[in-house]
Amino acid sequence: MNSYVHDDLIAAVATPPGKGALTLIRLSGKGSIEAAAEVFSRPEKLLRSPGNTIVHGWILEHPTGEQGGKVDEVMVSVYRAPASYTGEDSLEISCHGGIASTAVLAALRRSGFRDALPGEFSFRAFMNGKIDLSRSESVMELVSAKTDRGRSNAVGRLLGVLEDEINGIKKLLLDVLAETELYLDYSEDEADAAAGEAAGAFPGREKAEEAGGRLQKLSLSWRRERLYQDGALAVIAGLPNAGKSSVFNLLLREERSIVTEIPGTTRDWIEAWLSIEGIPVRLIDTAGLRNSGDPAERAGVERSRELLESADLLIYVIDGERGLQEDDLNFLHPGKTTIVLWNKLDRAKALENMIFEEKVSVPETANDKSYGTPLRPLPFSARTGEGMTELLAAIAGALRDTAGEAAETEGTGLGTLRQKDLVDSALASLNEALNLAKQHEALDLIAPCLREAVNALGEITGEVSSADMLELMFSTFCVGK
Ligand SMILES: Nc1nc2c(ncn2[C@@H]2O[C@H](COP(=O)(O)OP(=O)(O)OP(=O)(O)O)[C@@H](O)[C@H]2O)c(=O)[nH]1
Ligand SMILES: [Mg+2]
């Protein structure tokens with residue numbers, strides 16, 4: 001490692017910067033309790049404290065014995081190695097927020113602590129065997145989770161469900177490898193004919209196939225997990241005055257976007273995050289699509305089109321009172337996952353369900369599945385809220401569909417792209433082993449593929465790791481974590 005040093009004294013503010021009643025400062029390293037005691041009003045009390053206890057006192061401006069006053073009244077939690085997050089002696093100082101915490105940190109620097117780098121506490125936890133890599137990564141996931149579902153998925157990984165699954169699969173592969181190697185040893189002593197026979201048999205094939213199935217499931221889980229972590233972009237579009245901003249406000253349950261009866265009210269797009277069935281959704285209200293002479297409105301329409309292109313989901317609003325317009329057909333976006341709302345149902349004429357299907361000409365390039373969905377408009381009223389339950393379900397369903405069929409399946413999931421790449425590479429090596437076996441290749445060709453698969457899995461948990469990879473991974477964490 002270039003920048004993380006293992007055994008010196010580190011300190012960092014673990015709470016967000018800014019004004020607040022309290023701030024938490026985290027300290028770790030061998031000798032950290034002794035060093036903190038030097039700037040503490042009750043050094044003996046701190047030095048004698050057992051682990052997992054809290055001591056009340058004052059932080060002093062300078063190490064004991066020197067001149068200087070009291071800086072802040074604090075509570076200090078003491079953790080003794082190895083029973084701490086990092087596995088080292090550690091402390092957490094709850095001090096007052098704002099400038100008080102800056103002064104406390106300055107006093108700690110004077111008694112030998114240096115500023116921790118991003119992710120350095122978790123790095124130490126990993127190096128000291130407190131958590132494996134998949135669990136370290138889940139710590140960051142937890143901190144950045146956007147919805148409750150995202151949080152609970154991350155907690156599962158923090159508790160070690162992914163680590164257990166990876167280790168379970170690895171155990172299967174190691175069993176297969178052991179059997180294969182046993183066969184190899186055996187056939188060396190025997191006639192060549194015996195080796196030839198053994199080649200086709202591939203001991204442990206069933207276990208290898210089971211491992212393959214479980215790896216496949218993990219690999220598929222990534223798209224689902226990413227949906228819950230990163231969320232999706234849903235864009236509300238339609239002709240002017242269709243009721244887009246009204247739908248936007250209804251989904252947010254607040255009057256965020258301006259609604260008037262004048263077409264062309266929304267000029268610039270407006271966005272907000274919301275959670276729909278645990279999926280973080282970035283929802284955007286756009287300017288009504290029409291050809292306008294007004295330069296500001298034209299620019300707004302241009303932006304609407306760009307947003308529409310990048311959307312994961314299009315919520316297309318039709319003014320049911322006016323009925324379907326020729327322009328609606330031009331603006332509907334073939335091939336894009338779309339929910340069509342037949343809005344203003346409280347005033348609208350009968351739903352033009354069938355006509356709608358006939359009027360839309362399906363371009364040859366559009367695939368049936370993605371184009372088939374938008375053709376059933378959802379009866380809706382932004383005024384009365386009718387159709388709201390169906391809309392929420394449709395949004396969640398459509399987003400899960402775009403995340404692949406595995407979306408609904410529960411079970412252990414992958415938390416990062418790094419994990420997904422390694423699972424895929426383990427799967428590729430395992431499939432190669434299975435293919436070689438099918439072609440009756442010799443076992444000494446198959447064994448190295450199995451070993452590669454085992455190594456890739458070891459990298460996920462951090463059993464096999466390079467200094468560069470570790471540095472890269474932990475440096476994406478925030479300071480104090
Ligand atoms: N009766 C009825 N009126 C609605 C409904 N939804 C919207 N409206 C009305 O339709 C008008 C236009 O609504 P907006 O939400 O501003 O429409 P928009 O699509 O955002 O319009 P632009 O921003 O101009 O493109 C307003 O007068 C709304 O009160 C509905 O479900 N029923
Ligand atoms: Mg609007």
Side-chain angles (χ1 to χ4, degrees), residues 233-274 276 281-333 336-353 355-356 359-360 374 376-395 398:
L233 176 66
V235 172
I236 305 179
L239 302 186
N241 213 42
K244 298 177 295 298
S245 301
S246 307
V247 171
F248 180 80
N249 290 344
L250 192 67
L251 281 168
L252 292 184
R253 296 172 206 277
E254 62 175 302
E255 299 304 311
R256 177 76 71 81
S257 192
I258 298 170
V259 170
T260 76
E261 65 290 347
I262 303 157
T265 298
T266 307
R267 291 292 176 91
D268 213 345
W269 53 281
I270 300 174
E271 70 166 274
W273 279 95
L274 74 159
I276 297 182
V281 177
R282 185 177 158 217
L283 187 68
I284 297 190
D285 178 26
T286 62
L289 298 162
R290 70 170 170 188
N291 299 322
S292 165
D294 180 288
E297 191 176 351
R298 247 200 342 259
V301 170
E302 195 44 46
R303 284 196 187 169
S304 302
R305 286 183 197 279
E306 285 165 17
L307 287 164
L308 231 137
E309 285 295 332
S310 54
D312 298 303
L313 171 68
L314 172 62
I315 300 171
Y316 193 88
V317 185
I318 290 177
D319 184 339
E321 194 181 356
R322 279 179 79 200
L324 186 74
Q325 307 294 305
E326 200 59 40
D327 270 348
D328 284 318
L329 301 180
N330 295 333
F331 287 126
L332 266 168
H333 206 286
K336 176 84 52 194
T337 308
T338 308
I339 296 169
V340 177
L341 295 184
W342 193 263
N343 190 34
K344 309 194 187 179
L345 196 68
D346 51 304
R347 285 204 206 157
K349 305 169 225 140
L351 197 71
E352 289 191 55
N353 199 5
I355 304 166
F356 190 40
K359 276 192 186 169
V360 180
R376 256 162 263 113
L378 201 72
F380 197 83
S381 167
R383 180 149 296 171
T384 65
E386 191 174 344
M388 186 63 176
T389 316
E390 291 79 358
L391 174 60
L392 289 173
I395 293 174

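Start at 1 and go down the list; that is how both ligands and their atoms are numbered.
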key: Charged N-O contact under 4.0 Å between Lys336 and Glu309   = no

query = Distance from Asp327 atom CG to Leu289 atom CG, nearest 0.5 Å?
reply = 9.0 Å

message = At less than 2.8 Å, how many protein N/O/S atoms surround the Mg ion (ligand 2)? Leave waters out.
response = 2

task = State whether the number of non-hydrogen atoms from other residues, nucleotides or ligands found under 6.0 Å of Leu392 atom CG is greater than 12.
result = yes

message = Is it the case that atom CZ in Arg267 sees more than 12 heavy atoms from other parts of the structure closer than 6.0 Å?
response = yes

inquiry  = Check whether Asn343 reaches the backbone of Ala382 with its side chain - one donor and one acceptor, N or O, closer than 3.5 Å.
reply    = yes

message = Side chains of Ser257 and Asn249: any donor to acceptor distance under 3.5 Å?
response = no

Every residue of the protein that comes under 4.0 Å of ligand 1, judged on heavy atoms = Pro240, Asn241, Ala242, Gly243, Lys244, Ser245, Ser246, Val259, Thr260, Glu261, Ile262, Pro263, Gly264, Thr265, Thr266, Gly288, Asn343, Lys344, Asp346, Arg347, Ser381, Ala382, Arg383

task = Applying side-chain contact (heavy atoms from CB on, under 4.5 Å), run through Tyr316 and Asp328 and close with a yes or a no.
result = CA-CA 9 Å; Tyr316 193 88; Asp328 284 318; 2.7 Å; yes

ask   = Between Thr384 and Asp346, does a side chain to side chain donor-acceptor pair (under 3.5 Å) hold up when you go through it step by step?
value = CA-CA 7 Å; Thr384 65; Asp346 51 304; 5.4 Å; no

request  = Under the side-chain contact (heavy atoms from CB on, under 4.5 Å) rule, what do Val259 and Thr265 come out as? Steps first, then yes or no, please.
outcome  = CA-CA 7 Å; Val259 170; Thr265 298; over 6 Å; no

